[in-house]
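To keep things clear, I will list the structure first and then write my remarks on it.
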Amino acid sequence: MPRATSPLNRLAVPARRALLPLADGLGGLTSSARALPDFLICGAQRSGTTSLFKALSQHPAATGPVLRKGVHYFDTGYQHGLTWYRSHFPLRATLRARWGRPRVRVFESSPYYLFHPLAAERIARELPQARIVVILRDPVERAYSAHAHETARGFETEPFGRALDLEDKRLSGTEERLVADPAHHSHSHQHHGYVARGRYVDQLVRMERAVGRERMHVVDYADLFGGGPAALEGIMRFLDLPPDPRTTLGRHNARKRSVLPESLRAELTSRFADSDARLAAWWGRTPSWCQ
């Protein structure tokens with residue numbers, strides 16, 4: 001089955017980065033002829049979104065933005081406008097059903113969409129038919145993984161325990177400022193929410209209020225990466241993607257880190273207990289990390 005994915009997306013990372021300005025310029029000139037996403041992978045951060053993006057990018061009837069995993073329009077780039085957002089995606093003419101291939105669905109993955117306080121309502125307004133996929137990981141492991149990730153990227157300078165102690169101060173008032181000023185950007189809100197980003201239920205309720213539960217598919221990280229192909233197949237069914245044996249899930253973007261001290265694990269488990277209980281009630285199942 002022929003694929004619609006641009007050959008540019010198969011280039012090595014340095015080559016893709018070098019070509020980004022050219023691709024962006026061309027995209028801007030042809031924006032009106034380009035597609036908008038049919039679905040979004042909205043998070044959670046450090047929960048396998050890169051791996052899922054790469055897996056679905058293998059599917060002959062799915063394609064991401066040109067040269068990118070995510071565009072970050074609904075969180076940090078909204079001031080650029082919908083024409084700018086559209087410019088990052090493939091031309092509609094390349095996505096039509098042909099030669100036995102169904103219409104190709106367009107998607108992107110930006111895990112800050114789940115946590116940003118305005119992203120859900122922006123998605124509902126700009127993409128009223130788009131479906132939302134969310135992966136949830138043990139919030140203790142997610143927090144520790146996020147700290148290693150932000151440290152490696154230069155966005156965090158404190159050790160994990162100290163970063164946890166600083167989190168409330170760092171995030172104090174940031175959500176209110178983001179809501180009051182849609183052009184505002186908070187470095188700490190995006191990069192230092194180790195506990196806050198693991199309180200999933202509040203973020204899911206916000207997304208549900210904006211887009212509706214029927215447009216959301218929430219999957220457990222343990223099921224996706226340790227439970228065989230059923231979880232990935234369930235995602236593909238939700239997205240109306242036909243079965244495809246070439247669409248397989250690997251592990252990408254993982255980082256090595258030391259073992260989390262048991263004292264910190266116990267502290268974090270306690271801090272997430274109420275949120276996890278409310279999540280189970282909302283989800284209608286017990287998360288794997290609570291079993």
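Not measured: the values here are computed from a predicted model.
Other members of the hydrophobic cluster containing Phe160, listed by chain and number, are Val140, Tyr144, Leu164, Tyr194, Val195, Leu260, Leu264, Leu268, Phe272; membership follows side-chain contacts under 4.5 Å among ILVMFWY residues, whether direct or relayed.
Under the salt bridge (charged side-chain N to carboxylate O under 4.0 Å, His left out) criterion, Asp138 pairs with no residue at all, not counting sequence neighbours. Residues forming a salt bridge (charged side-chain N to carboxylate O under 4.0 Å, His left out) with Arg199 (at least two apart in sequence, or on another chain): none. Taking the salt bridge (charged side-chain N to carboxylate O under 4.0 Å, His left out) definition, one finds that Arg131 meets it with Asp240, sequence neighbours left out. A search for ring-ring contact (aromatic ring centres under 6.0 Å, His included) contacts involving His80 returns Trp84, not counting sequence neighbours. Ala222 pairs by the side chain to side chain contact (heavy atoms under 4.5 Å, CB included) definition with Asp220, Ser288, not counting sequence neighbours. With sequence neighbours excluded, the residues that form a salt bridge (charged side-chain N to carboxylate O under 4.0 Å, His left out) with Arg170 are Glu156. Under the ring-ring contact (aromatic ring centres under 6.0 Å, His included) criterion, Tyr78 pairs with Tyr73, not counting sequence neighbours.
Each salt bridge (charged side-chain N to carboxylate O under 4.0 Å, His left out) pair with one or both residues in residues 259-275, not counting sequence neighbours, appears once here: Glu141-Arg265, Glu262-Arg265, Glu267-Arg271, Asp274-Arg278. Under the salt bridge (charged side-chain N to carboxylate O under 4.0 Å, His left out) criterion, no residue pair touches residues 108-117, with sequence neighbours excluded. Sorted pairs that involve residues 179-192 and meet salt bridge (charged side-chain N to carboxylate O under 4.0 Å, His left out), not counting sequence neighbours, are lacking altogether. Sorted pairs that involve residues 113-127 and meet salt bridge (charged side-chain N to carboxylate O under 4.0 Å, His left out), not counting sequence neighbours, are lacking altogether.
Formation of a donor-acceptor pair under 3.5 Å by the Ser270 side chain with backbone atoms of Ala266 is not found in this model. At distances below 3.5 Å, at least one donor-acceptor pair connects side-chain atoms of His59 with backbone N or O atoms of Pro242. A donor-acceptor contact shorter than 3.5 Å links the side chain of His192 to the backbone of Phe155. Without hydrogens or angle criteria, Arg34 side chain to His88 main chain gives no donor-acceptor distance under 3.5 Å. The backbone N or O of Phe89 lies less than 3.5 Å from no partner atom in the side chain of Arg68, so there is not a single donor-acceptor pair. The closest donor-acceptor contact from the side chain of Glu167 to the backbone of Ala196 lies under 3.5 Å. Between the side chain of Arg177 and the main chain of His184, no donor-acceptor pair closer than 3.5 Å is present.
His189 has its ring centre less than 6.0 Å from the ring centre of Tyr112.
Heavy atoms only, all atoms of each residue included: Ser275 and Tyr200 are closest at OG-N, 3.8 Å. Across all non-hydrogen atoms, the minimal contact from Pro90 to Val66 is N-CG2, 4.3 Å. Taking every heavy atom of both residues into account, Ser145 and Arg46 meet most closely at OG-NE, 3.0 Å. Contact record, Ala210 with Ala124: O-CB, 3.3 Å, taken as the closest heavy-atom pair. Looking at every heavy atom in both residues, Val211 comes nearest to Ala120 through CG1-O, 4.2 Å. Nearest approach of Arg142 to Ser47, heavy atoms of both residues: CG-OG, 3.9 Å.
To the nearest 0.5 Å, atom CG of residue Leu224 and atom CG of residue Leu136 are 11.0 Å apart. The CG atom of Leu241 sits 8.5 Å away from the CZ atom of Phe107 when rounded to the nearest 0.5 Å. Taken from CG in Leu232 to OG1 in Thr248, the straight-line distance is 8.5 Å, to the nearest 0.5 Å. Of the inter-residue distances, the one linking Met236 atom CE with Thr247 atom OG1 reads 4.5 Å to the nearest 0.5 angstrom. Between His191 atom NE2 and Leu171 atom CG the span is 11.5 Å, to the nearest 0.5 Å. To the nearest 0.5 angstrom, Met207 atom CE is 6.0 Å from Met216 atom CE.
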(message) Applying side chain to side chain contact (heavy atoms under 4.5 Å, CB included) to Tyr85 and Phe74, what does each step give before you reach the verdict?
(response) CA-CA 9 Å; Tyr85 183 52; Phe74 296 107; 3.4 Å; yes

(message) Test side chain to side chain contact (heavy atoms under 4.5 Å, CB included) on Gln203 and Arg206; report intermediate values, then the result.
(response) CA-CA 5 Å; Gln203 301 163 61; Arg206 179 170 60 205; 3.9 Å; yes

(request) Apply side chain to side chain contact (heavy atoms under 4.5 Å, CB included) to Ser109 and Leu52, showing your working. (result) CA-CA 9 Å; Ser109 175; Leu52 180 58; over 6 Å; no

(message) Please determine whether side chain to side chain contact (heavy atoms under 4.5 Å, CB included) holds for the pair Phe39 and His217, giving the CA-CA distance in whole Å, both sets of side-chain angles, and the decisive distance to 0.1 Å.
(response) CA-CA 11 Å; Phe39 66 93; His217 185 78; over 6 Å; no

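Each of Ile135 and Phe115 belongs to its own hydrophobic cluster when Ile, Leu, Val, Met, Phe, Trp and Tyr are linked at side-chain heavy-atom distances under 4.5 angstrom. Hydrophobic clustering of Ile, Leu, Val, Met, Phe, Trp and Tyr side chains at less than 4.5 Å, counting indirect connections, keeps Tyr113 apart from Leu178. If you chain together hydrophobic residues whose side chains sit under 4.5 Å apart, Leu118 and Leu40 never meet in one group. The same ILVMFWY cluster, assembled from side-chain heavy atoms under 4.5 Å apart, contains both Val106 and Leu82.
Residues Lys69 and Thr49 bring a donor and an acceptor atom of their side chains to less than 3.5 Å of each other.
Inter-residue side-chain proximity for Ser32 and Arg86 is flagged as unmet; no heavy-atom pair is nearer than 4.5 Å. Between Leu91 and Thr30, some side-chain heavy-atom pair lies under the 4.5 Å cut-off.
The side-chain tip of Arg285 points at the ring of Trp283 from less than 6.0 angstrom away and within 45° of straight on.
Within a 6.0 Å sphere centred on CD of Gln79, heavy atoms belonging to other residues, nucleotides or ligands number more than 12. The local environment of CZ in Arg213 is crowded, with over 12 non-hydrogen atoms from other residues, nucleotides or ligands closer than 6.0 Å.
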